[in-house]
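Beneath this line is the structure, given in structure tokens, with notes to follow.
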Amino acid sequence: MSLIASSRDCGASVFSEQAEGLDWYRGWRERHGRALRVLHLGNIANNAFNNARIQRQQGIEAYVIAYENYHIMSCPEWEEATFEGDLGNPFFPDWSKVDLGSYQRPDWFASGPLELCCSMIAAQITNQIEQAGKIRRTLEQKRKLASSRSLRSQVMSAGGKVKRAIRRVLSSSVADHARLAAICKVGNGGCSPLKRRDFAAYRSRLAPLAKLFDHFDVIQAYSIDGAWPLLARRPYIAYEHGTLRAIPFQNNRIGRLASTVFLGANHVFVTNIDCIAAARRLGISGDRVTPLPHAFDDKKLVAFKKQNGEIKPPADRVLFFHPARHDWRDADPSLVKGNDRLIRAFASVSREHPRSRLAMIAWGRDLDTSRELVRSFGIDDKVQWLAPMRKPELWRKYLSSHAVLDQFVLPCFGGITFEALALGRRVITNVDFTAAEKFFSKAPPIMSASTEREIAEALCQVIADQVDRRGVGETGSAWIQRYHSAERIVELQLQAYQQHIEPIDRFLTATL
């Protein structure tokens, strides 16, 4: 029995039925004589950066404030630059250690101390180009200092924490607490009543952002950073990337904060299939939720595949590639990947099919335990451990593999699956086809597996059809273009923007 969802009509696009947002935006732009201005606030895993980039392809004036998030995978260089070498600590990468060629960060992206980020974006959006450039250079110096992890940088970091702590104390009692507590109380998170100090950290840093918000038509806040527009009484879109799965239901400060931020949003973008149910459970009405595919530029991968058409899977063996981090012993299902299930399944399959090989990335909290598990099965000669890769290297490895394996615990998927599908690779991961059908309008042609036995069956399916005569890989590529393209992702966002911008436009027109 096939483990793949039926996908015969992947070629029948639903996008044409949902092009209302782009049509609306063209009309809005003509009426206002300018581009829509969107502020993306927060940038975990480059979700804001990627969203802003594909929005700009459609003529939207999108900006990103990543503030004090220096992680390597929250940097534009990780997505766009070509480089080799060791950047050091991934949480504080030193980009001066590698040759980035002529690459420059886009002028619409700000990362570093929050106040400087706000000043840079304000100068940029008001066309004070020289001032924006000056602040951008200061931000670069601040990032270099933070990445150095020198005594000076640590003293400055500690000083910043002390200042913020003082501000939190001074701002802990604010008159609008009753409003926020009422929002939190409406939800079904099961948290204790909201406390004044829960929003203190965000409230103490609100001033520079409150001024900046005036320049934007839409504020799109990631994770719990919606706390800022909520405090400023501004409309905002809340963007979850796994944030809704468990956090709002925790009876602690973060839980109460997350619950209030998502319940107080004008609209919520849910990017994980399983988090639709969590949004409903929390008490967010369905008309305020848009299932939104992860920020993703399919055109980049299509172009990459064409440029690297000579890369093919080997003919003398069957190569499986598992790039997910090794994290399988934690009790939190949001973190674990089920790597042990794959290793056990592969050990069993490789005994019957000695030409099979498994390549994995050497990263994650349980890496040493995974290595030991491989050794215990005596399959070291069939397993290849690879160093963490940049995107081009990763994509080449996808193209040279017969199948890509994501994670096997949660029935949802992210970047690994989407990129592999876009490159025409078969994918084995855990997916709830019914939920995926509702989320995307059509379930992707994925080989679904969760248990050790299901994973082994999926591996055997690939081995039995080594050259993919069934065309599963190409069907996946077609599915991405129809249901997960950059254009569709922007379209869905514009539809949500339209819902809260049009009433404002009507009000302003009526009062003129």
Looking at Arg37 and Asp217, is any side-chain nitrogen of the basic one under 4.0 Å from a carboxylate oxygen of the acidic one? no
With the threshold set at 4.0 Å, does a side-chain nitrogen-carboxylate oxygen contact exist between Glu474 and Lys305? yes
Distance-only, no hydrogens or angles: does the [X] side chain make a donor-acceptor pair with backbone N or O of [Y] under 3.5 Å?
X	Y	answer
Gln481	His484	no
Thr271	His294	no
Arg288	Ala265	yes
Asn43	Ser74	yes

Would you check if there is a donor-acceptor pair between the side chains of [Y] and [X] at a distance under 3.5 Å?
X	Y	result
His322	Asn339	yes
Gln493	Gln55	yes
Gln128	Thr126	yes

If every non-hydrogen atom of Arg488 is compared with every non-hydrogen atom of Phe440, which pair is closest and at what distance? NH1-O, 3.1 Å
Provide the closest heavy-atom pair for Tyr236 versus Gly264 in the form atom of the first, atom of the second, distance. OH-C, 3.2 Å
Between [Y] and [X], is there a side-chain heavy-atom distance shorter than 4.5 Å?
X	Y	value
Lys391	Glu80	no
Leu100	Val98	yes
Val38	Phe216	no

Can you confirm whether more than 12 heavy atoms, excluding those of Gln104, are under 6.0 Å from its CD atom? no
Crowded around Tyr103 OH? As in, over 12 foreign heavy atoms under 6.0 Å? yes
Less than 6.0 angstrom from the centroid, inside 45 degrees of the normal: does Arg56 satisfy that with respect to the ring of Tyr63? yes
A cation-pi test, strictly: NZ or CZ of Arg371 under 6.0 Å from the centre of the six-membered ring of Trp385 and no more than 45 degrees from its axis. Yes or no? yes
If the condition is ring-ring contact (aromatic ring centres under 6.0 Å, His included), which residues does Phe109 pass it with, not counting sequence neighbours? Phe49
Would you confirm whether the ring centroid of Phe213 sits within less than 6.0 angstrom of the ring centroid of His215? no
I need the single residue from Asp468, Leu405, Val404, Thr475 that forms a side-chain contact (heavy atoms from CB on, under 4.5 Å) with Arg426. Which is it? Asp468
